[in-house]
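The next block holds one structure in the form of structure tokens; read it before the comments.
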Amino acid sequence: MNVSDLITANQSLWQEYTQHRFVRQLGDGTLPDSAFRHYLIQDYLFLKHFARAYALAIYKCDSFSAMQRPLTALTGLLEHETSLHVAYCQEWGISEQDLENIEEDSGTVAYTRLVLDIGQSGSLTELYVALAPCALGYAEIGAWLPKQSFTARANNPYIAWIDMYAGETFQQLAVDETRSLDEMMKEISADSQQGRKLNRIFRDATRMEIAFWEQGLNKQ
Ligand SMILES: Cc1ncc(CO)c(N)n1
């Protein structure tokens, strides 16, 4: 099996995640300011736990060459996405100190601890599958939004966010992640016990992404 099988098997949930109302409203610029702020702050906590999960993936590798993949993802997350995130928060009047004092919302706890738990109790492949909807979904959103007729570039307060995920660095991260996951899953058949378990993990993480958008919308 491969990544594309996971997406196809969960097509309607995947679409609900990547074409969510929150995403469309980022595109046309109508997302309420309060929803976006809540999302941004919670996403900072999310990224911190995701960095821990990539570090756990490094720990689980049994060769230097295997360690290189999660290390590249972790470096990208720390040096690219998180620093852009902090700068972006500052533009929105949210300081690094504010970010350190926030209370974690329940959807943030649920998603990040689910992934860390899969990482602790499962195989490296299971951890990679739990991490996959994050980078792959946002890369798809970054590629999809600029092509939609409802997406506005002028006077859209969210255009920098879209540009970050549409940008080459993030797109490449998703390509690399897909390639390594495809390689890791190539001997596994989709209807084996292991294949079904991977599908369940992918599905659960995708459901958590939808809940993460909803968490933002519920705070407006
Ligand atoms: C909730 C969530 N999912 C995925 C990404 C992409 O890294 C992100 N920043 N936040």
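Ligands are counted one by one from 1 in listed order, and the atoms in each one are counted from 1 as well.
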Please check if the distance between the ring centroids of W213 and Y138 is under 6.0 Å. yes
I want to know whether Y44 and Y88 have ring centres closer than 6.0 Å. no
Any idea which part of H85 is under 4.0 Å from ligand 1, heavy-atom wise: side chain, backbone, both or neither? neither
Closest protein heavy atom (residue, atom, distance) for atom 2 (C) of ligand 1: Y138 OH, 3.2 Å
Show the nearest heavy-atom pair for residues A174 and L136, with the distance to one decimal. O-CD2, 3.5 Å
Salt bridge flag under 4.0 Å for residues R207 and D204: yes
Taking atom 7 (O) of ligand 1 as the reference point, the nearest protein heavy atom with its distance: E81 OE2, 2.8 Å
Atom of E100, atom of K48 and distance for their closest heavy-atom approach: OE1-NZ, 3.4 Å
Within the structure, is a non-hydrogen atom of F50 found at a distance of less than 4.0 Å from ligand 1? no
Exercise: do Y59 and Q120 side chains pair donor with acceptor under 3.5 Å: no
Between Y111 and P133, which heavy-atom pair has the shortest distance, and what is it? OH-CB, 4.5 Å
Only heavy atoms of Y165, strictly under 4.0 Å: list the atoms of ligand 1 that pass. 9 (N)
Among all protein non-hydrogen atoms, which one is nearest to atom 10 (N) of ligand 1, and what is the separation to 0.1 Å? D43 OD1, 2.6 Å
Once you restrict to heavy atoms under 4.0 Å, what part of L47 touches ligand 1? Side chain, backbone, both or neither. side chain
Subset of ligand 1 atoms that lie under 4.0 Å from at least one heavy atom of E209: 1 (C), 2 (C), 3 (N), 4 (C)
Could you tell me which atoms of ligand 1, counted from 1 in the order shown, lie closer than 4.0 angstrom to a heavy atom of F212? 1 (C)
